[in-house]
Amino acid sequence: MTEKNEEKLKFSAEISKVLQLMIHSLYTNKDIFLRELVSNASDACDKLRFDISSGRHPALVAGSGSNQTPPSGGDEDLKITISFNKAQKTITVTDNGIGMGRDELIANLGTIAKSGTQEFLSKLSAEDMKKDLPLIGQFGVGFYSSFMVADKVSVVSCRAGQSDAWLWESDGTGEFTVAPVAPSTDTLQRGTRITLHVKADQEQYLDKFRLRHIIQTYSDHIAFPIVIIDDDGSSETANTASALWMRAKSDITPEQYKEFYHHVSHSPDEPWLTLHNKAEGKLEYTSLIFIPSAKPFDLFHPDRKRRVKLYVKRVFITEDNVDIVPHYLRFLRGIVDSQDLPLNISRETLQGNPLLAKIKDSLVKRVLTELKKKGEADETSYALFWKNFGPVLKEGLCEGTTPREQILEACRFYSTLPSPSGRGQGEGPHPNLLPKGEGALTSLDGYVSRMKEGQDTIYYLTGDRLETLQSSPQLEGFAKRGIEVLLFSDHVDDFWVNVVFDYKGKKFKSVTRADIDLDNLNEEVKEEKKPEEKEHDSETTALCQRMKQILGDKIRDVRTTNKLTGSAVCLAVEEGAMDIRLERFLIEQKQIANASAKILEINPEHSIIRSLVSKLNNTESSLEIDDVTWMLFDQARILEGEEIIDPAAFTRRLQAFVEKSLAA
């Protein structure tokens, strides 16, 4: 069948891991192997139909220049055939789609060319193979499910418009071979034929009724005929061969929607939300969009690829990063079928078409509207969506042409809002906070509805981890006064807060800003100061001046604050200055050279500060004031995740304080 120059190649490390999971797991629903092969065959037919409609292969239409049988471009000419041979114990899946050449066979069946796959696979444990196997669909490598039922797989493929056919073959043990096929020994003229040599314990699949049941269960929506050929040569079409998205919603069952989602997403999870819509009027298109219930492994890949397929009048055009949905909605899966775009549009000119931009705007508006409705109707389910895709959705807030207010309406944020059960209401400096690591999710509308009388600002705090944010001294004064603060722990939060300044007239403000006066905000806790308190204020002002002299250019200023109740100090920045966390990120990325000097805020009621005030006029305590000031400054830097300027000096001072304490 093949010529002598056969190549023997090794699978990539990622594929080897995938094969081990496929072959050795106890996955119970092995029927999916046929679903995956049929889905890939359908994609191959879609791609060929696009090439024909766009005039890329005139020889295929004219019937000259190749050994191909020219399809007319209609659905009836492109099909998928499934045959089986009980005597030889084989199942064969054939399509007359786009086909593959030698390099494509090696690239598509020998490697997973997606960044992040190896890292993801390395986390899968041998003990959890059965549990982890459903994740395999996230890699788009459903072809390898063949090895669940076969101990050898042979693939013959011929690229449309070419005369050379190639054979790919493997037993799934780590190697595969690729060789040219002699033209006289094989009748495949275009497309791909996959032959599975069925394992002895999987012979139940060598049955027409079993195969037909699988097709009707998982692949009835495929838009090309799926023909099953029996041992005796008789044939029947096993699917309805109609585009699912063109049917009325009332005619589609939840199971059919679910299986179509599996087809377009190559993912084993169930859709979290299904949006089937037909737009009519000036702009006509049909969309069938799904939001997954599980996070795709490449969601945060730097390419930020989008995977919604574009059709024109049921003809597949492309799914390669088409700008039919924005990057911040790249978790969407599904199809869009336009009635207005020209059928012969090329991928190169597609992005500049104004109709595509209008469809995109319409889709974005619909998705965001449905997300808002879902969030209001089912908070528990929406929390699952937000955990998976919230950071991605918030990327849209950083872009200048996005519907920011609509995105913000769909957003959820962790908050210092107490839980409904009252947990987190105990003693301590943070009476309004939940236990560490837990948090209440709230919408911005919910936050605004709970704002204190006279409050016109949405307060927030950014940080690396929710647990760290919940322990921040910056929250103490807000918690004491019952003022809610939003906790932003995603990296994208550092950026959008610098370009989105308000929500429905309420300004965003970080609690790390130095100009916040909580007493003026909440009159209930504001009391008239007594004479002795005014004298204390004067002494504290003198301490601030002394501390500023000690710290020199390492600090911008030293000021008192009413934001602190249980802590002595914290760092703050001027209004309009760069946030501490964003500045640190830009330094790490070498976008700016050095950090700016911060404001050291002190709690005038804290025992340490009162003690320092009492020692101001004692010359013998001068060195002690210096050391405590530096210790407090270093403490404030540590709490904000900043590096200590002089670790050796910090260690020396800390050791001296410990020795003094133990000796007392």
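Sequential numbering from 1 along the given sequence is applied to the chain's residues.
- Here the side chains of Y459 and Y447 are in contact, with some heavy-atom distance below 4.5 Å.
- Stacking of K374 on the aromatic ring of W272 is recorded, both the 6.0 Å distance cut-off and the 45° axial limit being met.
- The residue from W245, F260, F290, Y257 that alone fulfils the ring-ring contact (aromatic ring centres under 6.0 Å, His included) condition with H276 is Y257.
- Looking at K598, its side chain does come within 3.5 Å of a backbone N or O of S596 through a donor-acceptor pair.
- Among all heavy-atom pairs drawn from V573 and M578, the shortest one is CG1-O, 3.9 Å.
- Ring planes of F413 and W386: perpendicular class, angle over 60° (limits at 30 and 60°).
- Checking side-chain atoms of D269 against main-chain N and O of S293 turns up a donor-acceptor pair under 3.5 Å.
- Taking the ring centroids of F385 and F331, they lie under the 6.0 Å cut-off.
- Within 6.0 Å of NZ in K360 there are more than 12 heavy atoms belonging to other residues, nucleotides or ligands.
- A heavy-atom distance below 4.5 Å is found between the side chains of Q470 and L487.
- Ring planes of W496 and F488: tilted class, angle from 30 to 60°.
- The 12-atom threshold is not exceeded at NZ of K507, counting heavy atoms of other residues, nucleotides or ligands nearer than 6.0 Å.
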